[in-house]
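In what follows, every chain begins at residue 1, and chains take the letters A, B, ... in the order their sequences are listed. Everything quoted here is computed from the prediction, not taken from an experiment. Values reported hereafter were calculated over all heavy atoms of this structure, with side chains retained and with hydrogens, waters and symmetry mates removed.
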Protein chains: 2
Amino acid sequence: MIADALFAAPDEIVPAQAPREASRLTRKLEAFLPFDEEERDALDHIVELNVRHFPAGSILVEPGSSPREVMIMMEGWAVRSKPIDAGRQIVALHLPGDICDFNALLTRRADCAIEAASDVRVACINHRMMSDITRRFPRIGQAFWCDSLSAASVQREWTVNVATRNARARMSHLLCELHARLFLTGEADAGGYDMPLRQTDLGNACGLTPETSSRVLARLKADRLVRLKDRRVEIMQAGALLLSAGYNAQYLHLNQTDDMFRTLFKN
Amino acid sequence: MIADALFAAPDEIVPAQAPREASRLTRKLEAFLPFDEEERDALDHIVELNVRHFPAGSILVEPGSSPREVMIMMEGWAVRSKPIDAGRQIVALHLPGDICDFNALLTRRADCAIEAASDVRVACINHRMMSDITRRFPRIGQAFWCDSLSAASVQREWTVNVATRNARARMSHLLCELHARLFLTGEADAGGYDMPLRQTDLGNACGLTPETSSRVLARLKADRLVRLKDRRVEIMQAGALLLSAGYNAQYLHLNQTDDMFRTLFKN
DNA sequence: CGACCCGTTGATATGGCTCAAACCGGGTGG
DNA sequence: CCACCCGGTTTGAGCCATATCAACGGGTCG
């Protein structure tokens, strides 16, 4: 299936043999580097200290505000967007396990809005706790760092997506990416995943209007690549979807996508 | 002028009172948090240990290769791009002072190519030295981290750029961004900056074809917003250029761009 | 001198935006 | 229970910005 597409170094990924029911955060971070018991406990502990619930539609971070805490998605999706005259542009999707506001540490004022796309559970960690844990457990800090690099890599891919691909390919690409990322935390299975966003938002994330988004998804459905039914995406033909996303180019130039395609074209 | 646009927390920026001729790296990092003498020395030292020169056009990082060193731009520009069928998409520009391959620490295989756009001087730091210095000087590590967050913020802005703006606004935006970033390291003055890229590359960075790039730049020149002459960009009307870039929207919604505009509309 | 790359200019094609209208399901209030 | 509304989706028609294709000029380098 589509998983493992974005996160290279496949031989270091050990989501399967996680020894116990791990939080999504540890599960994701351990895809970068494995923790020992102590580190895992510390992380789980700090994350449980201050969990907040928000209903769908809540504003988690106001653009221009000065958030004083790092937020970690424990459950549900959030949307990061920038205001654009009389509208917004979605620049990132924060899924369970994502650390979604590192920037709070750097900038006085948030440059993006973050909004709950579904009911969410968020772990809030203030700056002091953050520096504490990274000082006491350098490897956790390192994992955080890996995570932000990974997020940057995703962001570059989004740039490529809107800059080079047509509407159909963009949407396909987004659907593939979501699958890969959700799979990492066990949020998705081979067949698909729950997806709380409106079509409008999916389109916006690819730089498309709601109308085009609707048309493109209709075509993908008609072509039997995906099925979309009450907040769930079923991936019916992973290989065809990847081709539609324009991954074929990378495939021909064979680089880090090898492993993914090896998995994919088995069926 | 355009500087300070991208890097919030203006009251923590102290490029002016840097006590001596600092390297571009320290100069940039100290825009995030100031160092003491010891830290500054350590950083300058490690950076000078292994400097390499590359002529314009050299491939610094091959996509799919496994770079074993972090690279820091000391002089000259580099272009980060992703291969796209029979072409490439530029996803980032690495200017003097930029740390341009943190990813080497995370991923086995580079997902991007990095190419020297001009003759460049690059400091190469292997993983061991990197972890050494961040362990011995946590504040340096923190500054590195800030830098990568800042780069991520720039990346988001690029996504917005290609997703929402028309050709003219995209190009204007890019020219503004470059000014702001170069100004931070003293590479640009109020009037403009040296710019080694071809028009083709400028366009590519905004998701435009060379033809459109040419036409758009011609219009910007005709409208007396900028002047482009032998590898130099002269910014003639910063205010108008910002408007052309579509910054007006943010201005109306007043957030972190306040300071920039206050400076800008003085003249 | 020719080859090549980059930039320019023109003509044409087209993908996605815009505008507009209708539809649909769910929630709300009478 | 129905009527209504509202946000999201769907569908249609036309238009516009930018890609595409093509040809040429001008500088540079071998």
Side-chain angles (χ1 to χ4, degrees), chain A residues 55-57 79 84-90 115-118 160-174 195-223 226-233 244-246, chain B residues 55-57 79 84-90 115 117-119 160-174 195-223 226-233 244-246:
Chain A
V79 160
I84 294 295
D85 39 46
R88 61 173 191 179
Q89 173 61 41
I90 295 176
E115 187 183 338
S118 61
V160 172
N161 205 31
V162 289
T164 69
R165 294 193 255 266
N166 64 27
R168 182 188 168 99
R170 284 188 214 175
M171 185 61 78
S172 303
H173 193 279
L174 180 59
M195 202 283 299
L197 301 183
R198 297 164 299 198
Q199 292 186 190
T200 302
D201 297 321
L202 281 179
N204 186 300
C206 314
L208 301 173
T209 58
E211 294 92 331
T212 307
S213 181
S214 167
R215 283 186 246 261
V216 162
L217 284 169
R219 289 234 50 194
L220 289 178
K221 283 185 278 188
D223 294 349
V226 299
R227 202 181 298 160
L228 273 170
K229 218 172 60 183
D230 35 58
R231 319 270 93 161
R232 182 166 171 86
V233 177
S244 171
Chain B
V79 160
I84 294 296
D85 38 45
R88 62 174 190 176
Q89 173 62 42
I90 295 177
E115 188 184 337
S118 62
D119 293 350
V160 172
N161 205 30
V162 289
T164 69
R165 295 194 255 264
N166 65 24
R168 180 187 171 100
R170 284 187 215 176
M171 186 61 77
S172 305
H173 193 278
L174 180 59
M195 202 282 300
L197 301 182
R198 297 164 302 199
Q199 292 189 355
T200 300
D201 298 320
L202 281 180
N204 186 300
C206 315
L208 300 173
T209 58
E211 295 92 332
T212 307
S213 180
S214 168
R215 283 185 245 260
V216 163
L217 284 169
R219 288 235 51 195
L220 289 178
K221 283 186 277 191
D223 295 349
V226 298
R227 202 181 300 161
L228 272 170
K229 218 172 59 183
D230 36 57
R231 319 268 93 162
R232 183 166 169 85
V233 177
S244 171

Task: B/Arg219 side chain near B/Met171 side chain, heavy-atom distance below 4.5 Å - done: no
Task: Sugar-phosphate only, base, or nothing, as touched by A/Gly203 at under 4.0 Å among non-hydrogen atoms - done: nothing
Task: Nucleotide D/dA17, atom C1' - distance to CZ of B/Arg215 in whole Å - done: 11 Å
Open item on the list: Please report the distance, rounded to the nearest Å, between CZ in B/Arg198 and P in C/dT8.
Closed with: 14 Å
TODO: Have a look at A/Thr200 and say if it touches a base, only the backbone sugar-phosphate, or nothing, with a 4.0 Å heavy-atom cut-off.
DONE: sugar-phosphate
Task: Side-chain N or O of A/Lys221 closer than 4.0 Å to phosphate OP1/OP2 of D/dT10 - done: yes
Open item on the list: Using whole Å, what does the distance between atom C1' of nucleotide C/dC17 and atom CD of A/Glu211 come to?
Closed with: 8 Å
Task: Rounded distance in Å - CD (A/Gln199) to P (D/dT11) - done: 10 Å
Task: B/Asp85 CG - D/dA19 P separation (whole Å) - done: 15 Å
Task: Any B/Thr209 side-chain N or O less than 4.0 Å from OP1/OP2 of D/dT18 - done: no
- [ ] For atom CZ of A/Arg232, decide whether the heavy atoms of other residues, nucleotides or ligands shown that lie under 6.0 angstrom number more than 12.
- [x] yes
Open item on the list: On a heavy-atom basis, which atom in A/Ser244 and which in A/Leu220 lie closest, and how many Å separate them?
Closed with: OG-CD2, 4.1 Å
TODO: Begin with the C-alpha distance, continue with both residues' side-chain angles, and end with the deciding distance and a verdict on salt bridge (charged side-chain N to carboxylate O under 4.0 Å, His left out) for A/Asp85 and B/Arg165.
DONE: CA-CA 11 Å; A/Asp85 39 46; B/Arg165 295 194 255 264; over 6 Å; no
Task: Sugar-phosphate, base or nothing in reach of B/Ser213, heavy atoms under 4.0 Å - done: nothing
Open item on the list: For A/Pro210 versus A/Thr200, what's the shortest heavy-atom pair and its separation?
Closed with: CG-CG2, 3.8 Å
TODO: In whole angstrom, give the distance that lies between atom CZ of A/Arg219 and atom C1' of C/dG15.
DONE: 13 Å
TODO: Nearest whole angstrom, please: distance from the C1' of D/dT18 to the CG of A/Asn166.
DONE: 14 Å
Open item on the list: From CG of B/Leu220 over to P of C/dG7, roughly how many Å is that when rounded to an integer?
Closed with: 15 Å
TODO: Choose from C/dG16, D/dT18, D/dT20 the nucleotide whose nearest atom is closest to any side-chain atom of A/Ala167.
DONE: C/dG16
Task: Phosphate OP1/OP2 of D/dA19: any B/Thr212 side-chain N/O under 4.0 Å - done: yes
Open item on the list: With a 4.0 Å cutoff (strictly under), does any side-chain N or O of B/Ser214 reach OP1 or OP2 of C/dG7?
Closed with: no
